Amino acid sequence: MARPGANRIIYELRERIQHLEGAAARPKAVLPFGVGEIDEKLPGGGLAYGAIHEFAGGGAGAVNGAAAALFVAGIAARTKGTVVWCLARPDLFAPALAQTGLHPDRVIYVEAVHEEYVLEACEEALRFGGLGAVVAETVRLPMVVSRRLQLAAERSGTLGLIIRRWRRQTEASDFGHPTAAASRWRVSVLPSEPLPVPGIGRARWLAELIRIKAGESTDFIVEACDGQGRLRISSDAADRSDQTRRSVPSG
């Protein structure tokens with residue numbers, strides 16, 4: 001088989017033919033959140049491996065962007081194996097990722113000179129296979145590029161997590177354009193969980209499932225990832241019930 005650098009068109013046509021011949025029909029493993037309220041809304045009961053998933057903050061603000069990155073880090077933390085994190089901005093705070101359970105000894109950071117190289121690195125990592133997850137931070141995700149990433153993820157069975165980051169509000173409008181991602185999420189910061197005593201409670205997020213293949217849009221109010229990447233539905237969101245259900249690591 002020709003390598004992508006030798007003849008990209010032939011390589012992609014062969015991959016597409018394999019896809020149409022039945023690769024997509026094979027059962028796909030999923031990574032459940034372990035929270036019934038979330039997993040019951042996801043086809044198969046979780047995020048599909050062998051697919052890419054999109055995440056963004058609720059706007060161009062840094063706070064919501066950080067929440068989206070931590071949401072993704074929690075997902076990656078619950079996978080098994082090495083995680084490749086591709087980025088162009090050297091502003092990722094590794095100790096914050098460690099607080100979600102994604103420890104530095106599990107992560108290979110790929111820092112690209114220019115942002116356009118981030119998705120190229122992501123594609124190569126997805127093709128490599130044998131990884132827990134591949135994460136990429138990018139401003140734009142053109143449809144053609146997203147199809148290549150999706151095909152690469154399908155071929156290797158790897159979980160691809162794409163974080164959309166913007167410096168200005170005008171760039172955020174690109175998030176509405178169609179892509180080949182299997183699901184699209186938006187994460188926004190909410191006031192923290194109230195405590196019975198003075199202090200700051202656990203952070204809370206509004207996680208909006210904007211689009212998912214073979215599913216419906218919905219949203220969840222969740223408490224932020226704990227030290228093992230686990231979420232839980234906010235008690236305020238569950239009819240103010242005192243019972244919450246925690247997500248669990250992948251088996």
Side-chain angles (χ1 to χ4, degrees), residues 1-31 42-44 46-57 68-69 71-72 75-76 79 83-88 110 112 114-166 171-186 208-217:
M1 181 178 291
R3 297 302 301 166
N7 196 323
R8 170 75 70 175
I9 296 176
I10 292 177
Y11 186 83
E12 291 177 2
L13 283 174
R14 285 175 173 170
E15 283 200 324
R16 190 61 181 167
I17 290 170
Q18 290 176 353
H19 173 73
L20 294 174
E21 285 178 344
R26 292 196 298 267
K28 288 184 178 179
V30 300
L31 177 68
L42 305 178
L47 293 180
Y49 282 97
I52 61 171
H53 304 271
E54 260 186 288
F55 304 84
F71 188 87
V72 168
I75 294 171
T79 65
V83 173
V84 173
W85 196 298
C86 308
L87 70 166
V110 179
H114 300 292
E115 188 161 292
E116 56 264 31
Y117 299 148
V118 169
L119 295 178
E120 293 183 14
C122 176
E123 182 179 353
E124 290 301 315
L126 287 171
R127 293 188 192 282
F128 180 78
L131 299 169
V134 177
V135 182
E137 300 181 13
T138 184
V139 172
R140 294 179 178 83
L141 184 63
M143 174 60 84
V144 173
V145 176
S146 71
R147 288 186 184 277
R148 290 208 305 264
L149 296 178
Q150 177 64 25
L151 286 171
E154 289 176 3
R155 183 179 180 85
S156 65
T158 303
L159 184 68
L161 307 171
I162 312 299
I163 303 173
R164 307 294 297 275
R165 293 190 61 187
W166 305 290
E171 294 175 337
S173 62
D174 186 71
F175 190 55
H177 295 174
T179 70
S183 70
R184 175 177 286 177
W185 299 75
R186 182 167 55 204
E208 300 172 84
L209 178 56
I210 297 174
R211 174 185 175 275
I212 187 165
K213 292 181 179 178
E216 297 181 355
S217 301

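If you're wondering where the values come from, they're calculated on a predicted model, not measured in any experiment. Every heavy atom of this structure was used, including side-chain atoms; hydrogens, water molecules and symmetry mates were not.
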Counting C-beta onward and ignoring hydrogens, is there a side-chain heavy-atom pair between [X] and [Y] closer than 4.5 Å?
X      : Y      : result
Ile75  : Leu159 : yes
Phe175 : Ile210 : yes
Leu42  : Leu209 : yes
Phe128 : Thr158 : no
Leu149 : Leu141 : yes

Tell me whether [X] contacts the main-chain N or O of [Y] through its side chain, where contact means a donor paired with an acceptor under 3.5 Å.
X      : Y      : result
Ser146 : Ala180 : yes
Arg211 : Pro178 : no
Ser156 : Leu126 : yes

Do you know which two heavy atoms are closest between [X] and [Y], and how far apart they sit?
X      : Y      : answer
Ser183 : Ile212 : CB-CG1, 4.0 Å
Ala153 : Ile52  : CB-CG2, 4.3 Å
Ala182 : Ala51  : CB-CB, 3.9 Å
Lys213 : Ala181 : CE-O, 3.8 Å
Val30  : Pro43  : CG1-O, 4.4 Å

What distance separates [X] [atom1] from [Y] [atom2], expressed to the nearest 0.5 Å?
X      : Y      : atom1 : atom2 : answer
Arg155 : Arg127 : CZ    : CZ    : 7.5 Å
Arg184 : Ile162 : CZ    : CD1   : 12.0 Å
Thr138 : Arg165 : OG1   : CZ    : 10.5 Å
Leu161 : Cys122 : CG    : SG    : 9.0 Å
Glu123 : Gln150 : CD    : CD    : 12.0 Å

Suppose we screen for salt bridge (charged side-chain N to carboxylate O under 4.0 Å, His left out). Which residues come up paired with Arg186, at least two apart in sequence or across chains? Glu208
Aromatic rings Phe55 and Trp185: how do their planes relate, parallel, tilted or perpendicular, breaks at 30° and 60°? parallel
If you draw a 6.0 Å radius around CZ in Arg140, do more than 12 non-hydrogen atoms from other residues or ligands fall strictly inside?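 Open.
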If you look only at distance, which donor and acceptor atoms sit under 3.5 Å apart when one is on a side chain in residues 114-121 and the other is two or more places apart or in another chain?
from, atom 1, to, atom 2, distance (Å)
Glu115, OE2, Val139, N, 2.9

Evaluate the side-chain contact (heavy atoms from CB on, under 4.5 Å) criterion for residues Glu154 and Leu151: first the C-alpha distance (whole Å), next the side-chain angles of each, then the deciding distance (0.1 Å), finally the verdict. CA-CA 5 Å; Glu154 289 176 3; Leu151 286 171; 4.0 Å; yes
